S.K.: 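Mind looking over this structure? Questions follow.
Predicted model only: the values in this text are computed from it and were never measured. Just so we're on the same page: letters track the sequence lines, and every chain starts at 1.
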There are 2 protein chains.
Amino acid sequence: MTLASPAKRATMRDVAAAAGVSLKTVSRVMNMEPLVDSRTAARVESAIEQLHYRRDGLARSLRTGIRQLSVGLLIEDLSNPFYGTLAQAVEDVADLNGHSVILTSSREDAAREQRLITDLLRREVEGLMIVPASQDHRYLEPELRRGTPLVFLDRSPRGISADTVLLENVAGARIGVEHLIAIGHRRIAFVGDPVSHETSSERYDGYRAALADASIPLDEELVKTRSQSVGAADEETRELLTLTRPPTAIFAQNNRHCVGVLRALRGAGATLAVVGFDDFELATLLPVPVTVVASDAAEMGRVGAEMLFERLGGLGGPPRRLLIPGHLVARGTGEIPPESVVFPGHGQRN
Amino acid sequence: MTLASPAKRATMRDVAAAAGVSLKTVSRVMNMEPLVDSRTAARVESAIEQLHYRRDGLARSLRTGIRQLSVGLLIEDLSNPFYGTLAQAVEDVADLNGHSVILTSSREDAAREQRLITDLLRREVEGLMIVPASQDHRYLEPELRRGTPLVFLDRSPRGISADTVLLENVAGARIGVEHLIAIGHRRIAFVGDPVSHETSSERYDGYRAALADASIPLDEELVKTRSQSVGAADEETRELLTLTRPPTAIFAQNNRHCVGVLRALRGAGATLAVVGFDDFELATLLPVPVTVVASDAAEMGRVGAEMLFERLGGLGGPPRRLLIPGHLVARGTGEIPPESVVFPGHGQRN
DNA sequence: TTGTAAGCGTTATCAA
DNA sequence: TTGATAACGCTTACAA
C-alpha cells in the first residue's frame with residue numbers, strides 16, 4: 001500500500017523521451033535488432049530500467065498478428081483425480097493442435113461458473129470445454145452464435161444445444177447394480193449426489209431400471225442423495241447401517257461417494273457389498289479390492305478436445321453427442337454375497 | 001481441409017462495408033448500445049453472420065485498457081492429486097486477487113517446461129509459479145530482470161535466484177526414518193526418484209542422516225532410486241524382497257512411490273513396515289493404514305501464491321525461501337515391528 | 001440515429 | 001544508424 005500516484009505504466013514513447021531517441025529506436029532495442037549503436041542502446045536500456053518499462057504484449061500482438069492460441073477448460077474440482085486425468089488428456093490434444101489450455105475450476109458453483117466462463121471468453125480463447133455446474137446455459141447462446149466452439153463434458157448443456165461428451169451413466173449404473181443383484185443382493189442402497197445433478201439422476205435411473213428388471217421394489221429408505229462430499233457420503237452410509245432392515249449392498253454414485261462409503265464401513269467395522277462408479281488408483285489395494293464401473297476419464301477428455309478442434313477446423317453440422325462406455329471391473333467388494341455381509345456389532349449375518 | 005483461401009478474419013470494417021454503414025455503427029451493434037435503428041441493426045447483424053465476424057478482443061482490450069489479469073502455474077502432472085490440491089490452492093489465492101490461473105503441466109520434461117514457460121510469458125501473465133523440471137533456469141534471467149515475479153514451488157531454481165517454497169524434505173524424511181528406527185528396524189530401504197531430482201536427493205539425505213544418527217551403516221543394496229513411476233517403484237520393491245538380506249522396512253520417497261511399494265508388497269503377500277512421504281486420501285482405508293510424513297500441498301500452493309501477489313503488489317527485497325514443515329502421521333504400516341514382518345512364501349519371520 | 005477523427009502501444013515501411 | 005509516419009482493429013469524443 002502506497003500513496004503514490006496510480007503509476008501509469010511507462011510506454012515506449014516515455015522511454016524514447018527519457019533516452020532522447022525516437023520510438024522506433026526503443027523498439028529496435030527491445031527486439032534486439034542489430035543495427036543500433038551500442039552507446040544509443042545503452043542509453044535506451046538504462047531508461048528502460050529507470051522507468052521499469054515492460055513491453056505491452058497486447059499492442060505487440062495486435063500489430064504483429066502473432067497470437068497465442070488457447071482453449072479454455074472449466075472443470076469442477078482440480079483436486080479430484082478424475083478431472084485431473086481428464087484435464088491432462090485435454091492438454092495433450094490441445095498441445096498437438098498448437099493450443100494451450102487455460103484451466104479453471106467451478107467448485108460446483110453456478111455463479112462462479114458463469115464468471116469464469118465470461119473471463120475465459122474475454123481472454124479470447126478459441127473454444128471452450130465445460131464440465132457445467134449451472135442448470136441454465138442460455139447465457140452462452142450469444143457466444144455460440146458468434147461461432148465459438150463449445151463442448152460440454154460429463155453433463156449436458158441446459159437451454160442451448162452444443163457438442164457434448166457424456167459417460168454412459170444409465171447403462172453403467174445399471175450394469176453395476178445388476179451385478180449386485182446377480183450375486184444375490186436384494187437390498188441395495190444408492191449413495192450419490194442430489195438427483196438435480198444430471199449425472200446422479202441418470203445413474204439413479206440405471207439403478208432403478210436394474211431393480212425393476214429384477215422385480216425388486218424400490219425402497220426409498222435405501223436411497224441417499226444428499227451427499228455432496230466424501231464426508232456426507234460417510235454419514236449417509238452410517239445412517240443406512242442403523243436401519244431396521246439395512247442394505248446388504250451399496251452402489252456408490254461416483255469416486256467421492258465411494259470413498260465415503262468405504263470409510264463409513266471401515267469405521268463401523270461393517271462388511272457390505274460395494275460397487276462404485278468411476279475407478280480409482282488404490283481400488284486394488286484396499287482390504288477387499290473395490291469393484292467399480294470404470295469409465296475412462298482420459299478418453300472423455302481426449303474425445304471432447306478432438307471434437308472442439310474439429311469445430312475449430314471448420315467442421316459444420318448439428319451438435320454431436322458422444323457417449324463414453326463404462327465397464328464393470330470385478331475386484332472383490334462387488335462379489336461379496338449377502339450371506340457374507342457383516343453389520344457393526346452383529347457379527348456375521350444369516 | 002478446404003482449398004479455400006487463407007480466409008483472413010473479417011474485421012469491423014468489412015462488416016460495415018457489407019452492411020453499408022459506418023464502422024461506428026457496427027461497434028454500436030456489437031456493444032448493444034441502444035441508440036441504433038432496429039432495421040440498421042438487423043442489416044449489421046446479418047452481415048456479421050455472413051462474414052462470420054468475431055470481434056478482436058486484443059484490439060478491444062488495447063483500446064479500452066481492460067485487461068484480464070492472470071498468473072501462470074506450471075506443475076508436473078495434473079493427474080497427481082498432490083499437484084491438483086496445490087493448484088486448487090493457488091487458484092483460490094489468485095481468485096481473491098482478481099487474477100485467473102493459466103495451468104500447464106511439464107510432464108517432468110525440461111524442454112517442455114521451457115516451451116510452456118515461454119508461451120506463458122508471451123501470453124502476458126503477470127507472474128509465474130513453477131514446479132521446475134529442468135536443471136537450469138538461467139533462461140529465465142532476462143524475465144526476472146524485467147520484473148516478472150517468479151515463484152518456484154517444491155524444487156529450487158538452478159542458476160538464478162527467486163522466491164521459493166519448499167517442503168522440509170531433509171527433516172521430513174529424517175523423521176520418517178527415525179520413526180522406523182525407533183520401532184526397531186535396522187534394515188530400512190529407500191525407494192525414490194533418482195537423486196538428480198532435488199526432492200529425492202534431499203529426502204535421501206534425511207534418510208542417511210537418520211541412519212547415521214543411529215549408527216546404522218548405509219547399505220547401498222537397500223537404496224532404490226531408479227523409479228520414476230508407480231510401476232518402477234513396484235518393480236524395485238520386488239527386487240528388494242529377493243535380496244538375501246531383505247529390508248524389514250521401506251521408506252517411500254513420495255506418494256507415487258508409496259503406491260508402488262504397497263502394490264508390490266500386496267502382490268507378493270509380504271508385510272513390511274512402510275512410511276511414505278506425502279499423505280494420500282486412501283491411506284486410512286488400506287488393510288493396514290499407511291503411516292506417512294504428511295506435508296500440506298494446499299499450504300504450499302497458498303503460501304507460494306501469496307508470495308507472488310506480494311511481489312506484484314510491489315514488495316521488494318531479496319528472494320525469499322520458505323519451508324513447509326512435514327509431520328509424521330502414524331497410522332499402522334510404520335509401526336509394524338521387525339518381528340512382525342512377513343516375507344513372501346516365508347510365513348512370519350523370527 | 002449515424003458518422004468522423006483520434007488514439008490505445010506496438011511494429012513495418014521507407015526515407016534521411 | 002536513426003527517425004517520421006502509417007497501420008493493426010477496436011472504442012471514445014464529438015459532430016452532424
S.K.: Using heavy atoms to find the nearest nucleotide of DNA chain C for A/S27 and B/G20 separately, return the residue whose nucleotide is more 5′.
M.R.: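 Here B/G20 is the residue nearer the 5' end.
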
S.K.: Under 4.0 Å between a side-chain N/O of B/S22 and OP1 or OP2 of C/dT2, yes or no?
M.R.: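 Checking B/S22 against C/dT2: no side-chain N or O falls below 4.0 Å of OP1 or OP2.
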
S.K.: Taking B/E141 first and then B/R138, would you say they form a salt bridge - that is, a charged N and a carboxylate O separated by under 4.0 Å?
M.R.: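 No, this pair does not count.
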
S.K.: Take the protein atom CG of A/L35 and the nucleotide atom C1' of C/dT11, then report the distance between them rounded to whole Å.
M.R.: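 One finds 16 Å between C1' of C/dT11 and CG of A/L35, rounded.
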
S.K.: Whole Å only: how far is the CG atom of A/N31 from the P atom of C/dT10?
M.R.: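 Distance check: A/N31 CG to C/dT10 P gives 11 Å.
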
S.K.: Heavy atoms under 4.0 Å, any strand shown: does B/R28 hit a base, just sugar-phosphate, or nothing?
M.R.: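 Base contact - B/R28 has a heavy atom under 4.0 Å of at least one base atom.
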
S.K.: Do A/K24 side-chain and C/dA12 base share a donor-acceptor contact under 3.5 Å?
M.R.: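 Pair found.
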
S.K.: Any N or O donor-acceptor pair under 3.5 Å from the base of D/dT11 to the side chain of B/R63?
M.R.: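 When only heavy-atom distances are counted, B/R63 does reach the base of D/dT11 through a donor-acceptor pair under 3.5 Å.
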
S.K.: Mind checking if B/T40 touches a base, just sugar-phosphate, or nothing, with heavy atoms under 4.0 Å?
M.R.: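 The residue B/T40 makes sugar-phosphate contact but no base contact.
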
S.K.: Compare the minimum distances between each of D/dT11, D/dG3, C/dG3 and the side chain of B/R60, then state the nucleotide with the smallest one.
M.R.: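 Shortest atom-to-atom distance from the side chain points to D/dT11.
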
S.K.: Find the distance A/L62:CG to C/dG9:P and express it as a whole number of Å.
M.R.: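 Rounded to whole Å, this separation is 12 Å.
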
S.K.: Calculate the interatomic distance between A/D56 atom CG and C/dG7 atom P; express it in whole Å.
M.R.: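 From A/D56 CG to C/dG7 P: 18 Å.
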
S.K.: Mark yes when over 12 heavy atoms from residues, nucleotides or ligands other than B/E33 sit less than 6.0 Å from its CD; otherwise mark no.
M.R.: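 Counting other residues, nucleotides and ligands, CD of B/E33 exceeds 12 neighbours.
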
S.K.: Please give, in whole Å, the distance from C/dT10 P to A/R9 CZ?
M.R.: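 Roughly 7 Å, once rounded to whole Å.
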
S.K.: Rounding to an integer number of Å, can you tell me how far B/L23 CG sits from D/dA13 P?
M.R.: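 Interatomic distance, CG of B/L23 to P of D/dA13: 16 Å.
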
S.K.: How many Å lie between CG on A/D37 and C1' on D/dG3, as a whole number?
M.R.: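 Nearest whole value for this atom pair: 15 Å.
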
S.K.: Can you confirm whether more than 12 heavy atoms, excluding those of A/R320, are under 6.0 Å from its CZ atom?
M.R.: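 Counting other residues, nucleotides and ligands, CZ of A/R320 exceeds 12 neighbours.
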
S.K.: Reckon B/R39 touches a base, only the sugar-phosphate, or nothing at all at heavy-atom distances under 4.0 Å?
M.R.: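 No contact.
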
S.K.: Please check if the number of heavy atoms outside A/Q135 that lie under 6.0 Å from its CD is greater than 12.
M.R.: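 Correct, the count exceeds 12.
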
S.K.: Starting from the C-alpha separation in whole Å, work towards a yes-or-no answer on salt bridge (Lys or Arg N to Asp or Glu O under 4.0 Å) for B/R54 and A/E126.
M.R.: CA-CA 11 Å; B/R54 293 193 55 194; A/E126 309 299 308; 5.2 Å; no

S.K.: Just compare D/dA4, C/dT10, D/dT11 and give me whichever is closest to any side-chain atom of B/T64.
M.R.: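 Of the options given, the side chain of B/T64 lies nearest D/dT11.
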
S.K.: Separation of A/R67 atom CZ from C/dT11 atom C1', in whole Å?
M.R.: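 Whole-Å distance recorded here is 14 Å.
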
